[in-house]
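Read through the structure below, which is laid out as structure tokens, and then see the notes.
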Amino acid sequence: MLTIQFIRNNRATVLKGLRIKNFSQPDLIDKIIDRDNERRSLQVRTNELQAEMNRLNKEIGKLIRAGEEQKASQVKERTSLLKKELETHARDLQHSATDLNDWLVQIPNIPHPSVPAGNTDADNKLIRQGGAIPRLTEDALPHWDLGSKYRLIDFDMGVKITGGGFPVFRGKGARLQRALIAYFLDQNTSAGYEEFLPPLLVNEASGFGTGQLPDKEGQMYHVTGDNLYLIPTAEVPVTNIYRDVILQAKDLPIKNTAYTPCFRREAGSYGKDVRGLNRVHQFDKVEIVQITHPSDSYRALEEMVSHVEKLVTNLELPYRIVQLCGGDLGFTSALTYDFEVFAAAQKKWLEVSSVSNFESYQANRLKLRFRDPADKKSQLAHTLNGSALALPRIMAAILENNQTPEGIRVPEVLCPFMGPGNELIR
RNA sequence: GGAGAGAUGCCGGAGUGGUCGAACGGGGCGGUCUCGAAAACCGUUGUGCUCCUUGCGGGCACCGGGGGUUCGAAUCCCCCUCUCUCCGCCA
């Protein structure tokens with residue numbers, strides 16, 4: 001969340017940013033500032049009363065030790081009145097602080113100055129495009145048909161076992177998934193990311209830390225028996241490693257990567273756009289996360305974008321990079337680049353990665369700080385993450401784009417992971 | 001699932017209801033010594049909120065979380081959460 005200090009000092013900037021993000025209740029900002037003023041004056045008064053109370057209590061202690069019981073009980077009488085007043089003030093202060101916090105968590109991050117205004121993905125800004133769009137014949141099949149034809153993916157089997165949106169990969173399909181995971185992890189670790197294999201269930205505090213809770217509770221599967229949530233992305237456990245941590249400046253940037261299955265309820269989505277692997281409830285993803293010094297986060301963002309670009313290039317997929325407009329930007333993000341690859345049979349661009357800088361928004365929730373030996377005070381770090389990469393749509397594009405009358409050609413970089421003689425899936 | 005133990009600062013670990021923001025040890029940092037380092041010795045070492053006369057200033061809160069008792073709680077009582085050990089079950 002934004003810090004109250006930032007909102008107070010940059011009211012105009014915040015309001016402008018919220019406008020670009022199409023935030024529905026900008027009047028919350030002034031309510032927050034008013035309530036904070038109230039909180040401050042209550043705090044001052046409460047602190048004064050507490051100081052007086054502490055003074056009297058010490059005095060009573062001294063008198064009792066000196067054996068002056070009489071005088072002690074006189075002082076005690078004075079404390080009882082003070083105590084009542086203190087309780088009232090403390091309660092009011094508590095209410096103010098609670099309101100303030102409830103409102104603060106509802107304020108999304110404000111966008112970076114470069115973020116274009118706009119409402120939907122139609123207003124996103126194309127940054128660049130790469131790779132050649134393959135020319136397929138008219139009878140080219142979408143990936144869901146290829147999946148059955150070559151026995152790679154079985155959607156009906158998933159429906160039987162679990163329900164819609166839980167595809168089963170089998171045979172070469174399962175092997176291709178494994179190849180992609182291994183390839184991505186290898187590339188990420190070569191680029192300096194430390195590999196993690198985190199828990200897939202997280203507690204409430206973790207969900208709050210990265211911003212999924214309390215607002216987007218409905219997007220996660222909730223295991224009510226133990227009050228745990230299935231992760232919607234590895235971002236949640238991997239970023240929460242640093243919850244309540246004060247790092248040393250010299251340890252930055254921290255670069256982590258993790259493969260995990262991801263679970264998303266995505267309630268209410270159905271139809272043609274979500275056929276096959278385009279949108280599922282459980283999918284595999286390899287994530288990269290960076291924690292940086294505030295002055296370094298935009299360099300890190302570009303570094304992550306280049307890294308992801310290299311991955312899609314190596315997979316020989318036609319791709320484009322778009323910068324999300326204000327309205328399309330996630331709740332916690334200041335700047336996001338989406339990567340889309342072209343699935344040539346569906347003739348559609350599919351989002352396969354979202355690379356974001358959250359600046360200090362998550363860090364503030366996480367209480368993730370760092371200390372520079374030069375400064376006395378610790379300050380909030382910046383967090384970033386990106387998919388490198390999400391598998392289902394990559395799989396969809398590979399199957400569709402590489403289909404030939406003889407079979408599906410496996411991208412060269414994946415061949416070493418596919419076993420001998422499997423350059424072509426027949 | 002059953003039984004028990006515990007939760008204190010960066011770590012380990014004390015703590016009779018007032019002099020405890022917290023002993024002691026370790027670690028870190030600074031210094032003395034040294035050509036340099038180690039050792040030794042000395043000093044220092046939490047987080048957050050807040051105020052103003054912005055000073056290397058003051059006040060307040062924080063000993064897992066929340067309530068309670070008390071003039072006063074790390075310390076006593078209640079509830080919750082978490083961790084550990086043993087048993088059971090199990091990949």
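Numbered from 1 within each chain, the chains take letters A, B, ... in sequence-line order.
What separates CD of A:Gln379 from C1' of B:U47 is a distance of 16 Å, to the nearest Å. At whole-Å resolution of the value, CG in A:Leu368 and P in B:U47 are 15 Å apart.
Residue pairs meeting the salt bridge (charged side-chain N to carboxylate O under 4.0 Å, His left out) criterion with at least one member in residues 67-89 of chain A, sequence neighbours excluded, are A:Arg45-A:Glu85, A:Glu68-A:Lys71. Sorted by first and then second residue, the salt bridge (charged side-chain N to carboxylate O under 4.0 Å, His left out) pairs with a member in residues 235-258 of chain A read A:Lys255-A:Glu303; sequence neighbours excluded. For residues 16-31 of chain A, the set of pairs meeting the salt bridge (charged side-chain N to carboxylate O under 4.0 Å, His left out) definition, not counting sequence neighbours, comprises A:Arg11-A:Asp30. Applying the salt bridge (charged side-chain N to carboxylate O under 4.0 Å, His left out) test to residues at least two apart or on different chains, the pairs with a partner in residues 407-425 of chain A are A:Glu316-A:Arg409.
Taken residue by residue, residues 94-105 of chain A places no heavy atom nearer than 4.0 Å to RNA chain B. Sorted by residue number, the members of residues 47-69 of chain A with any non-hydrogen atom under 4.0 Å from RNA chain B read A:Asn47, A:Gln50, A:Ala51, A:Met53, A:Asn54, A:Asn57, A:Ile60, A:Gly61, A:Ile64, A:Arg65. Listed in residue order, the members of residues 74-92 of chain A having a heavy atom less than 4.0 Å from RNA chain B are A:Lys76, A:Thr79, A:Lys83.
Side-chain atoms of A:Ser354 and A:Asp338 include a donor-acceptor pair closer than 3.5 Å.
Within 6.0 Å of the CZ atom in A:Arg151, the count of heavy atoms belonging to other residues, nucleotides or ligands does not exceed 12.
For A:Asp121, the salt bridge (charged side-chain N to carboxylate O under 4.0 Å, His left out) test picks out no residue, with sequence neighbours left out. In terms of the ring pair (Phe, Tyr, Trp, His ring centres under 6.0 Å) criterion, A:Phe263 has no residue partners (sequence neighbours excluded). Annotation: salt bridge (charged side-chain N to carboxylate O under 4.0 Å, His left out) contacts of A:Asp99 (sequence neighbours excluded): A:Arg35. Shown here are the ring pair (Phe, Tyr, Trp, His ring centres under 6.0 Å) partners of A:Phe208, two or more places apart in sequence or in another chain: there are none.
Contact annotation: A:Arg369 side-chain N/O to B:G48 OP1/OP2 distance is under 4.0 Å.
For B:U54 and B:A14, the P atoms lie 46 Å apart once the distance is rounded to whole Å. B:G4 and B:C60 are spaced 43 Å apart, taking the P atom of each and rounding to whole Å.
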note = Note, RNA chain B 5' to 3' with Watson-Crick or G-U pairs under 3.5 Å encoded as ( ), [ ], | and . gives ((((((((.[[[..)..(.....]]]((((((.......))))))((((((.....)))))).[[[[[..)....]]]]])))))))....
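A:Asp36 has a carboxylate O that lies under 4.0 Å from a charged side-chain N of A:Arg40, or vice versa, which qualifies the two as a salt bridge.
When each of B:C49, B:G48, B:C51 is scored by its nearest atom to the side-chain atoms of A:Arg40, the top-ranked nucleotide is B:C51.
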